[in-house]
Amino acid sequence: MEIGKRQDSTTDVILVFTPWDAPQWWMKYMATTHPSIEVRWVNSTAPDRSLKRPEDTPLEIWDGVTILCTYEPPPAHLLRSVRFVQLTSAGSDMWVGHPTFEDEKVVFCTSNGIQPPQIAEWVIGSWLSFSHHFAKYAQDMKTGTWEAYNDSPVTDSLGARMGILGYGAIGRQCAKLGQALGMEIFAYTRTEKATPASRRDNGYNIPGTGDPEGVIPAKWFHGTSKETINDFLSQGFDILVLCLPLTSETRNLLSAEQFALLSRKKTFVSNVSRGPLIDQKALIDALTSGQIRGAALDVADPEPLPADHPLWKAPNLLITPHVSWKSVEYWTRLLDLFGKNLERMTEGKPLLNSINRKLK
């Protein structure tokens, strides 16, 4: 799958459709390394700071586009010539059912690997904030109240056990930070990782991050059945981190039965993947009854979460509006990944983060 001048004598056309302006360094890089490719860039931010829909842009922008970098799925009729889509997100669930996504001739790659530093910091930050009662002290600052809360014990991380559901790039960086705090790490993956080679991360990695060789976990678990999930959840976790994609297998992965298992250690639950992985009524019940000590959610179901949704009033819960991915380095890392995939296309090598569309 090469780029540039193709066998039919046409030239590849790249369209980057994102909510920021084209950085000049990347445009110069493309002009130097891929001079035969036409690059189009659309800042999808509208004057009122909302986001433009792809179908609201001039049709000529989409004419002849063969390589697309975007987040939101455009209408299929705009993508007739597209053969490669570089997503700006780690997940692809928004694309399931889209005609272009169902076309096996079109290659899709996620941006998995550009988010781990900031998302892992969100996971650990929310855990430390809960463990040290920062929210209480922040509230007391508003009234000038000096209260030590001696009835609220502080749980430090040394010797704690972290369970990670989904040991991809984000899960591996969570493991690295957890290990630095003295935690024991247990990992869960869909398929078995019995050998050193199988535990290696072959996707996009930021140098110095994560667990590329898969050596951090003290124990590995695997499977797709409820029984294997329940066995993993029975390991006595102080914190459970959800880093799984949303598929038919993972929807409502945590419900009343699973929270009952987590109640043995009163696990703190952190979800940075997708809201529908958790049965939210069961989560509210688990928080209200004290089955789990607390939770931190950067995702919800639905999004945006309505103002009158009962989840807002659940005790011992932090909710943020799907922002854990944010970093000033996000787009630089994305373009680095995109550039590497363009180079791999030129060299005929397998692309980084290619999507297995059999998992939906």
I'd like to know whether His322 forms a side-chain contact (heavy atoms from CB on, under 4.5 Å) with Asp298, so could you lay out the CA-CA distance, the side-chain angles of the two residues, the decisive distance to 0.1 Å, and finally the verdict.
CA-CA 5 Å; His322 208 142; Asp298 186 49; 4.0 Å; yes
For a 4.5 angstrom cut-off between non-hydrogen side-chain atoms, does Cys243 reach Val272?
yes
I need the Arg40 CZ to Leu68 CG distance, nearest 0.5 Å.
11.5 Å
Indicate, with yes or no, if Leu51 and Ile61 share a hydrophobic cluster defined by side-chain heavy-atom contacts under 4.5 Å among Ile, Leu, Val, Met, Phe, Trp and Tyr.
no
The criterion is side chain to side chain donor-acceptor pair (under 3.5 Å); which residues satisfy it with Lys52, sequence neighbours excluded?
none
Shortest non-hydrogen contact from Leu351 to Arg344?
CD2-CB, 3.8 Å
Distance in Å, Leu283 CG paired with Leu277 CG, rounded so as to fall on 0.5 Å steps:
12.0 Å
Quick one: are Thr288 and Pro315 in side-chain contact, heavy atoms under 4.5 Å?
yes
Is it possible for you to say whether Val299 and Tyr330 belong to one hydrophobic cluster, with membership spreading through side-chain heavy-atom contacts below 4.5 Å?
no
For residues 307-319, which residue pairs pass the side chain to side chain donor-acceptor pair (under 3.5 Å) check, not counting sequence neighbours?
none
Which heavy-atom pair separates Asn112 from Ala169 by the least distance, and what is that distance?
OD1-CB, 3.9 Å
With a cut-off of 3.5 Å and sequence neighbours excluded, list every side-chain donor-acceptor pair involving residues 24-32.
residue	atom	partner	partner atom	Å
Tyr29	OH	Glu343	OE2	2.8
Thr32	OG1	Lys28	O	2.9

SG/Cys69 to CZ/Phe17 distance, rounded to the nearest 0.5 angstrom?
11.5 Å
Is there a side-chain contact between Phe259 and Ile278 in this structure, where contact means two heavy atoms from C-beta onward sitting under 4.5 Å apart?
yes
Verify the neighbour count for atom CD of Glu104: are there more than 12 heavy atoms of other residues, nucleotides or ligands below 6.0 Å?
no
side-chain contact (heavy atoms from CB on, under 4.5 Å) evaluation trace for Val107 with Arg83:
CA-CA 6 Å; Val107 177; Arg83 62 196 187 102; over 6 Å; no
Rounded to the nearest 0.5 Å, what separation is found between the CG atom of Leu337 and the OG1 atom of Thr88?
11.0 Å
Strictly below 4.0 Å, N to O, side chains only: are Asp140 and Lys136 in salt-bridge contact?
no
Solution key, residues 91-100 side-chain donor-acceptor pairs under 3.5 Å, sequence neighbours excluded:
residue	atom	partner	partner atom	Å
Asp93	OD1	Arg274	NE	3.0
Asp93	OD2	Arg274	NE	3.4
Trp95	NE1	Tyr71	O	3.2
His98	ND1	Thr100	N	3.0
His98	NE2	Pro74	O	2.6

So the salt bridge (charged side-chain N to carboxylate O under 4.0 Å, His left out) pairs with at least one residue in residues 220-233 (sequence neighbours excluded) are Lys226-Glu257
Could you tell me if the side chain of Leu254 sits less than 4.5 Å from the side chain of Leu233, heavy atoms only?
yes
Taking it one step at a time, do Thr250 and Arg190 satisfy side-chain contact (heavy atoms from CB on, under 4.5 Å)?
CA-CA 10 Å; Thr250 62; Arg190 186 179 188 275; over 6 Å; no
Just how far is it from atom CD1 of Ile284 to atom CG of Leu311, taken to the nearest 0.5 Å?
5.0 Å
Please tell me if the side chains of Asn341 and Met345 come closer than 4.5 Å, counting only heavy atoms from C-beta onward.
no
Taking side chain as C-beta onward, heavy atoms only, is Ser129 less than 4.5 Å from Leu318?
no
What I'd like to find out is whether the side chain of Trp122 reaches to under 4.5 Å of the side chain of Thr320, using heavy atoms alone.
yes
Between the side chains of Asn43 and Asp21, does any donor sit under 3.5 Å from an acceptor?
yes
Among residues two or more places apart or on two chains, list those pairs meeting ring-ring contact (aromatic ring centres under 6.0 Å, His included) that have a residue in residues 262-282.
Trp127-Phe268, Phe130-Phe268
Please answer: with hydrophobic residues joined when any side-chain heavy atoms are less than 4.5 Å apart, are Leu59 and Leu79 in the same cluster?
yes
Name the atoms and distances for all side-chain donor-acceptor pairs under 3.5 Å in residues 171-180, with sequence neighbours left out.
residue	atom	partner	partner atom	Å
Arg172	NE	Tyr167	O	3.1
Arg172	NH1	Arg199	O	3.0
Arg172	NH1	Asp211	O	2.6
Arg172	NH2	Arg199	O	2.9
Gln173	OE1	Gly210	N	2.5
Lys176	NZ	Gly208	O	2.5

Which atom pair, heavy atoms only, marks the closest approach of Val123 to Ser126?
O-OG, 3.0 Å
Could you walk me through whether Glu192 and Ser198 pass the side-chain contact (heavy atoms from CB on, under 4.5 Å) check?
CA-CA 8 Å; Glu192 186 176 8; Ser198 67; over 6 Å; no
For Tyr149, which residues count as a ring-ring contact (aromatic ring centres under 6.0 Å, His included) partner, sequence neighbours excluded?
Tyr137
Residue pairs passing the ring-ring contact (aromatic ring centres under 6.0 Å, His included) test with at least one member in residues 194-217, sequence neighbours excluded, are none
How many angstroms lie between CD1 in Ile124 and OG in Ser157, if you round to the nearest 0.5 Å?
7.0 Å
Mind checking what makes ring-ring contact (aromatic ring centres under 6.0 Å, His included) contact with Phe232, not counting sequence neighbours?
Tyr188, Phe221, Phe237
With Ser289 via side chain to side chain contact (heavy atoms under 4.5 Å, CB included) - residues at least two apart
Gln291
Non-hydrogen side-chain atoms of Met183 and Asp238 separated by less than 4.5 Å:
no
For Leu87 and Leu334, the nearest pair of non-hydrogen atoms, with its separation, is O-CD1, 4.0 Å
Would you please say whether a donor-acceptor pair under 3.5 Å links the side chains of Trp220 and Thr189?
no
Name all pairs fulfilling the ring-ring contact (aromatic ring centres under 6.0 Å, His included) condition that reach into residues 275-307, sequence neighbours left out, sorted by first residue then second.
none
What are the two closest non-hydrogen atoms of Thr209 and Pro117, and how far apart are they?
CG2-CG, 4.2 Å
On a heavy-atom basis, which atom in Gly203 and which in Asp201 lie closest, and how many Å separate them?
N-OD1, 3.0 Å
Assigning hydrophobic clusters by single linkage (Ile, Leu, Val, Met, Phe, Trp, Tyr; side-chain heavy-atom cutoff under 4.5 Å), is Leu181 placed with Phe134?
no
